[in-house]
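Below is one structure, written out as structure tokens; comments come after it.
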Amino acid sequence: MDAGMILPVLATKTVDLVIMADIIAEEATAESARGLPLMAAITIFVLAMFVGFEIITKIPPTLHTPLMSGSNAISGITLVGAIIAAGAGQGTLVQILGVLAVILAMINVVGGFLVTHRMLGMFRRKR
Amino acid sequence: MDRESIITLAYLVASVCFIFGLKGLTHPRTAVAGNLLGAIGMAVAILATLAQPQLVEHPQGYALVAGGFLVGGVAGAISALRVPMTAMPQMVALFNGFGGAASTLVAGVELVQHQPIVGQIDPLVLSGYLAGIIGAVTFWGSLLAFAKLEEYKAFRKPIAYPFQQPINAVLGAAALLLTIWGVMEPARLGVFWLAVVVASILGFTLVNPIGGADMPVVIALLNSYSGLAACATGFVLENAVLIIAGSLVGASGFILTAIMCKAMNRSLWHVLFGVLGPTEETPTEEQVYGGKVKSATAEELALLFDGARRVVIVPGYGMAVSQAQHAVRDLMSLLESRGITVEFAIHPVAGRMPGHMNVLLAEAEVPYEKLKELEEINPTMVETDVAIVIGANDVVNPLAKTDPKSPIAGMPIVEVDKAKTVIVVKRSLSPGFAGIPNPLFAAPNCLMFFADGKKAILDLIAALKE
């Protein structure tokens with residue numbers, strides 16, 4: 001099968017899935033006082049898992065390492081939680097743990113994206 | 001629109017950026033843009049978070065966040081810009097571990113501040129425990145993987161202790177029981193930190209017995225875990241962007257893990273818990289090698305290239321260790337200048353992380369069109385005049401095809417034995433990770449060149465130029 005034909009279709013499909021999940025989430029959020037209701041969260045989780053599997057079905061081995069370090073940087077999204085913990089947290093212990101979490105997640109994010117960029121630059125250079 | 005909706009929309013934009021960013025990373029042409037898109041998504045998510053009402057209400061908290069940004073950003077940037085390409089596997093492992101640790105800390109902070117729902121199972125507490133445990137396993141597992149890849153003396157060999165599997169089972173059960181206890185009595189925060197300690201030990205004991213050629217699987221799996229930890233943190237914070245980004249990474253890490261396992265024809269269970277090594281039926285080195293191994297000097301080997309038309313180079317971990325990638329590129333250029341076709345055979349598990357060889361050869365400016373996968377290169381082996389194996393062993397061992405009882409039986413290999421002549425650059429006849437002798441070295445068409453990878457290639461180049 002021609003990958004070039006499948007991917008655009010997959011892409012639109014996956015975006016649809018996520019938008020759908022977010023609509024469900026937002027509707028549910030409006031009804032609930034506290035953030036994201038559990039069922040909506042589970043829905044998003046399952047759909048996002050499928051999206052993940054669908055996008056990354058065929059990766060050329062050339063890109064295994066950059067894909068790994070790039071996705072690794074994305075997993076630094078936990079930085080969002082770290083910022084809330086450090087910025088809005090009450091009490092010294094919470095603030096210390098929060099700042100520590102910000103530092104660690106920030107190393108993950110900045111280091112991950114930069115190192116991936118460096119590696120990909122090497123793949124591109126000799127063209 | 002109110003502030004909450006704008007922030008939620010910004011998180012949605014970030015999620016879409018992550019999806020397209022990851023998709024971009026799966027194609028060489030779009031990879032750079034994909035990575036940038038991921039970074040943009042992250043920036044959007046960070047800005048949206050900084051605008052959260054909880055933060056705006058406590059303006060003094062921004063100083064703490066800014067301090068963390070500065071320290072973490074500088075440390076991350078310096079290590080990312082300084083790390084040599086050969087040390088990439090351990091760098092990725094380390095970054096990965098930091099992400100896991102951050103998830104654990106965030107879960108801890110949230111549980112400290114959370115007013116649990118009394119009298120029923122609080123999903124927030126449950127996901128807090130999951131995030132804490134998965135994050136701690138990721139952190140300690142990655143730290144140990146880092147130490148192994150850096151080849152620190154203490155970690156070069158697995159630390160031996162009895163009852164490894166039962167101990168893992170007990171630790172896993174303990175983490176589970178502590179989680180149940182914690183969910184039943186969410187006010188006891190000590191239970192959470194105890195679960196984190198148990199998970200930390202588990203992260204260590206799980207990675208401890210794994211090494212060598214199995215490292216790519218472990219790195220991919222830990223990558224998946226760090227995503228799942230972030231995902232669980234998303235359930236704690238009730239935040240969709242964490243759940244989406246975390247699941248994407250969890251899925252991508254899992255697919256890479258599956259690819260690596262398939263490349264070795266082993267199940268994930270076997271990689272994690274199986275013992276790889278010679279069995280009683282494995283022929284001894286004496287039986288395989290006895291008097292049949294021929295070694296050659298650079299000058300003798302140089303003669304092989306007279307009249308050769310096609311050369312295939314098979315790099316392995318030995319090329320990374322001796323930093324031979326630039327010498328290999330020079331050898332390629334020299335051979336090509338004589339009208340010889342040169343291609344590279346890349347085994348999926350060559351090296352210490354998925355794609356390790358590709359990155360090193362890219363650093364040495366070998367065009368990636370020359371790097372071929374097994375399915376593509378193996379049919380051309382019969383037409384190959386000289387195959388040069390540099391620091392690889394198990395991935396070229398013909399026993400995988402011929403001996404169903406061998407520990408590597410069924411593993412796809414680079415079929416260099418079919419080439420007219422095989423040159424194996426290796427420091428000694430010592431076995432590879434599987435611990436078995438390699439009959440290729442004793443084959444009539446094989447010549448050993450006992451030397452350090454880089455020195456061997458430089459000597460060969462010098463001999464070719466004479």
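Everything quoted here is computed from the prediction, not taken from an experiment. Each chain gets a letter, A, B and so on, in the order the sequences are listed, and its residues count up from 1.
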So which residue, A/Gly89, A/Ala82, A/Ala41, ends up with the most heavy-atom pairs under 4.5 Å with chain B? A/Ala41

Under the 3.5 angstrom rule, does the side chain of A/Thr65 hit a backbone N or O of B/Gly355 as a donor-acceptor pair? yes

With only heavy atoms counted, which part of B/Phe18 is less than 4.5 Å from chain A, the side chain, the backbone, both or neither? both

Return the option, out of A/Thr116, A/Leu100, A/Val109, A/Ile107, with the maximum number of heavy-atom pairs under 4.5 Å with chain B. A/Ile107

With a 4.5 angstrom heavy-atom cut-off, could you sort out which part of B/Pro28 is near chain A: side chain, backbone, both or neither? both

So which part of B/Leu361 gets closer than 4.5 Å to some heavy atom of chain A, the side chain, the backbone, both or neither? neither

In terms of heavy-atom contacts, B/Val359 and A/Pro66 come closest through CG2-CD, 4.4 Å

I need the minimum non-hydrogen distance between B/Val109 and A/Gly98, along with the two atoms involved. CG2-N, 4.1 Å

Whatever's closer than 4.5 Å to a heavy atom in chain A on B/Val236 counts as neither

Of all the heavy-atom pairs spanning B/Ala101 and A/Leu104, show the shortest one and how long it is. CB-CD1, 3.7 Å

Taking every non-hydrogen pair under 4.5 Å, which of A/Leu93, A/Val94, A/Val102, A/Asn72 racks up the most with chain B? A/Asn72

What part of B/Val56 is in contact with chain A, defined as an atom under 4.5 angstrom from a non-hydrogen atom: side chain, backbone, both or neither? neither

Quick one, A/Ile84 and B/Thr49 - any side-chain contact, counting heavy atoms below 4.5 Å? yes

Could you walk me through whether A/Ser71 and B/Asn223 satisfy the side chain to side chain donor-acceptor pair (under 3.5 Å) test, starting with their C-alpha distance in whole Å, then the side-chain angles of each, then the deciding distance to 0.1 Å, before giving a yes or no? CA-CA 8 Å; A/Ser71 63; B/Asn223 190 40; 3.2 Å; yes

Atom group of B/Asn239 that falls short of 4.5 Å from chain A, counting heavy atoms: both

At a 4.5 Å cut-off on heavy atoms, which part of B/Leu228 comes close to chain A: side chain, backbone, both, or neither? side chain

Proximity breakdown for A/Leu79 and chain B, heavy-atom pairs closer than 4.5 Å: side chain

Options A/Leu67, A/Val110, A/Val80, A/Leu97, ranked by heavy-atom pairs under 4.5 Å with chain B, top entry: A/Val80

For the residue pair A/Ile77 and B/Ala45, what are the closest heavy atoms and their distance? CD1-CB, 3.9 Å

Which atoms of A/Ala73 come close to chain B, meaning under 4.5 Å heavy atom to heavy atom: side chain ones, backbone ones, both, or neither? backbone

